[in-house]
Amino acid sequence: TLWNFGWQVTEHDFDALDWEYGAASITMDDGKRIACSANPYSDGCDLEAPIVVASTAESLGEVQAAGSILVLTGELVQEPLLPKNFPFYQDPGQQAVVAAIEASKTAAIICASDGPPFIEDGDFAIPSVSVSTAAGHVLAAHAGRKVHLSSSCLRKPSAAQNVIGMINPDAPKRIVFTAHIDAKKGVPGALDNATGVTMLLLIARVMAEYRGPYGIELVALNGEDHYAVPGQLAYLQANSNLAEVCALNINIDGIGFIDGDTAFSFFGLPSSVQDSAKVKLSSQTGACEGIQWPQGDHSMFVQSGCPAIAITSNWLLDNMMTQSITHSDEDRIDLVDVHRLVSVAQQLKAFVEAIER
């Protein structure tokens with residue numbers, strides 16, 4: 001599609017770890033089975049061992065878990081762990097939890113939580129599965145007894161690509177539009193982030209005739225929902241001078257929800273650019289200025305010293321801590337108002353034309 005609209009297209013290859021779901025089961029010593037699922041990017045396992053339980057970070061240092069199956073419950077699993085080698089941010093408290101789990105020499109981990117997986121990390125060597133909070137209570141009541149844990153998931157070395165379209169590549173400064181093309185494993189991913197990819201295609205169409213002073217770069221990033229963000233790292237490696245050449249990043253993620261406004265969040269914009277953004281973007285009908293939020297590809301531009309605009313659905317920002325749509329089976333196309341996408345693409349074209357003047 002980019003070629004059809006006259007864009008110069010390049011593909012940046014990079015290595016990535018892929019993963020296949022497999023059947024998982026827990027069988028108690030009395031034959032009772034407990035439903036479980038493998039944590040994304042975990043290794044598989046097939047073992048029988050006694051249960052030990054930890055519910056706080058402090059108790060991790062007290063349990064004798066070597067060779068056992070460690071059940072994590074309570075406050076310990078209320079917030080998912082960041083991947084141990086996540087490149088953009090680390091929490092010292094979480095790093096201490098990871099270190100304590102690894103030092104325990106446990107044979108496998110059962111995470112008892114009704115939220116998202118506590119562990120989603122291909123660099124974490126200990127096999128892990130998830131159960132419900134209620135199932136965790138059952139397992140905790142059987143501490144010291146043996147269970148049989150089986151998980152047939154599989155890690156696979158793989159390769160992937162970022163796809164990049166460019167107009168006016170010789171310009172000294174460029175405006176970089178980004179959207180990630182991946183979704184969490186096994187979910188529809190309509191809002192997160194099929195609508196963002198659709199926006200890149202709309203921008204490719206409405207800006208195909210752009211001949212202004214900026215280079216316009218469309219970047220379909222692969223891996224924002226991957227634990228190791230390999231596409232983002234590959235892009236940064238290929239653009240080590242990002243702060244020098246990028247005049248502005250516009251990142252699109254979670255746009256088009258049927259309720260509420262489209263939110264435009266501003267990060268370090270020069271005053272004249274921010275004034276234009278408010279006029280052409282956030283003050284338009286069906287739009288608003290959003291809060292600053294870090295969970296997206298714009299953050300790597302901001303951390304590199306580039307100004308950025310992040311575009312999403314304001315309903316998702318307002319309900320960030322409680323919503324259960326993204327990263328789930330609920331993220332379906334019937335939650336999308338496609339007319340919003342067309343409107344925002346036209347607004348972005350008008351905004352770019354305004355700042356070039």
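Remember, it's a predicted structure, so these values are computed and weren't measured experimentally. Heavy atoms only: backbone and side chains are in, while hydrogens, waters and symmetry mates are out.
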Donor-acceptor pair, distance only, cut-off 3.5 Å: does the side chain of [X] make one with the backbone of [Y]?
X: Ser55; Y: Gly74; value: no
X: Ser313; Y: Gly256; value: yes
X: Arg205; Y: Phe5; value: no
X: Asp261; Y: Ala263; value: no
X: Arg340; Y: Phe257; value: yes
X: Gln8; Y: Gly165; value: no
X: Ser328; Y: Ser324; value: yes
X: Arg155; Y: Tyr41; value: yes
X: Asn168; Y: Ile216; value: no
X: Ser283; Y: Lys278; value: yes

Is [Y] reachable from [X] through a run of I, L, V, M, F, W or Y residues, each pair having side-chain heavy atoms under 4.5 Å apart?
X: Ile355; Y: Ile203; answer: yes
X: Phe86; Y: Leu233; answer: yes
X: Leu281; Y: Leu248; answer: yes
X: Ile311; Y: Met207; answer: yes
X: Ile175; Y: Leu202; answer: yes

Check your understanding: After noting the C-alpha distance and the side-chain angles of Asn251 and Phe301, does the key distance pass the side-chain contact (heavy atoms from CB on, under 4.5 Å) rule?
Key -> CA-CA 10 Å; Asn251 184 51; Phe301 287 86; over 6 Å; no

Practice item. Give the C-alpha distance, both sets of side-chain angles, the deciding distance and a yes or no for side-chain contact (heavy atoms from CB on, under 4.5 Å) between Asn85 and Asp121. Key: CA-CA 9 Å; Asn85 296 320; Asp121 189 353; 5.9 Å; no

Above 12 or not: heavy atoms from other molecules or residues under 6.0 Å from [atom1] of [X]?
X: Glu48; atom1: CD; value: yes
X: Lys185; atom1: NZ; value: yes
X: Gln78; atom1: CD; value: yes

How many angstroms lie between atom [atom1] of [X] and atom [atom2] of [Y], to the nearest 0.5 angstrom?
X: Met28; Y: Arg33; atom1: CE; atom2: CZ; result: 12.5 Å
X: Phe351; Y: Phe264; atom1: CZ; atom2: CZ; result: 9.5 Å
X: Leu82; Y: Gln94; atom1: CG; atom2: CD; result: 4.5 Å
X: Leu154; Y: Asp43; atom1: CG; atom2: CG; result: 8.5 Å
X: Phe118; Y: Ser128; atom1: CZ; atom2: OG; result: 10.0 Å
X: Ile250; Y: Leu218; atom1: CD1; atom2: CG; result: 10.5 Å

Distance-minimising heavy-atom pair for [X] and [Y]:
X: Ser158; Y: Asp18; result: CB-CB, 3.7 Å
X: Ala171; Y: Gly215; result: CB-N, 3.2 Å
X: Pro83; Y: Glu120; result: CG-O, 3.9 Å
X: Pro157; Y: Leu17; result: N-CD1, 4.2 Å
X: Leu242; Y: Cys306; result: O-SG, 3.6 Å
X: Ala308; Y: Leu269; result: O-CD2, 3.6 Å

For the residue pair [X] and [Y], establish whether any side-chain heavy-atom pair is separated by less than 4.5 Å.
X: Val163; Y: Val9; answer: yes
X: Asp253; Y: Glu224; answer: yes
X: Tyr210; Y: Lys349; answer: no
X: Leu348; Y: Lys280; answer: no
X: Phe266; Y: Val273; answer: no
X: Trp315; Y: Leu191; answer: no
X: Glu217; Y: Ile164; answer: yes
X: Val187; Y: Asp331; answer: no

**Study point:** Derivation and outcome, side-chain contact (heavy atoms from CB on, under 4.5 Å), residues Ile119 and Asn39
**Key:** CA-CA 6 Å; Ile119 300 171; Asn39 285 331; 4.1 Å; yes

Review point. Parallel under 30°, tilted from 30 to 60°, perpendicular over 60°: which one fits the rings of Phe267 and His298?
Key: tilted

Practice item. Please say which of Asn162, Asp297, Asn222 ends up in a side-chain contact (heavy atoms from CB on, under 4.5 Å) with Tyr235. Key: Asn162

Point to revise | Lys/Arg N to Asp/Glu carboxylate O, Lys32 vs Asp30, below 4.0 Å | key: no

**Study point:** Option among Gln346, His339, Gln347 that satisfies the side chain to side chain donor-acceptor pair (under 3.5 Å) test with Ser343
**Key:**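 So, applying the side chain to side chain donor-acceptor pair (under 3.5 Å) to Ser343 and each of Gln346, His339, Gln347, only Gln347 qualifies.
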
Review point. Given the rule in the side-chain hydrogen bond (donor to acceptor under 3.5 Å, both in side chains) test, do Asp192 and His180 qualify, once you have shown the distances and angles that lead to the verdict?
Key: CA-CA 8 Å; Asp192 187 20; His180 69 89; 2.9 Å; yes

Practice item. Could you please spell out the steps behind the side-chain contact (heavy atoms from CB on, under 4.5 Å) verdict for Ile69 and Lys146? Key: CA-CA 9 Å; Ile69 296 175; Lys146 287 186 175 181; over 6 Å; no

All N/O donor-acceptor pairs, side-chain side in residues 103-117, below 3.5 Å, sequence neighbours left out:
unit_1: Ser104; atom_1: OG; unit_2: Ile101; atom_2: O; d: 2.6
unit_1: Ser104; atom_1: OG; unit_2: Thr106; atom_2: N; d: 3.3
unit_1: Thr106; atom_1: OG1; unit_2: Ser68; atom_2: O; d: 2.9
unit_1: Thr106; atom_1: OG1; unit_2: Leu70; atom_2: N; d: 3.3
unit_1: Thr106; atom_1: OG1; unit_2: Ala108; atom_2: O; d: 2.9
unit_1: Ser113; atom_1: OG; unit_2: Gly115; atom_2: N; d: 3.1
unit_1: Asp114; atom_1: OD1; unit_2: Thr133; atom_2: N; d: 3.0
unit_1: Asp114; atom_1: OD2; unit_2: Thr133; atom_2: OG1; d: 3.1

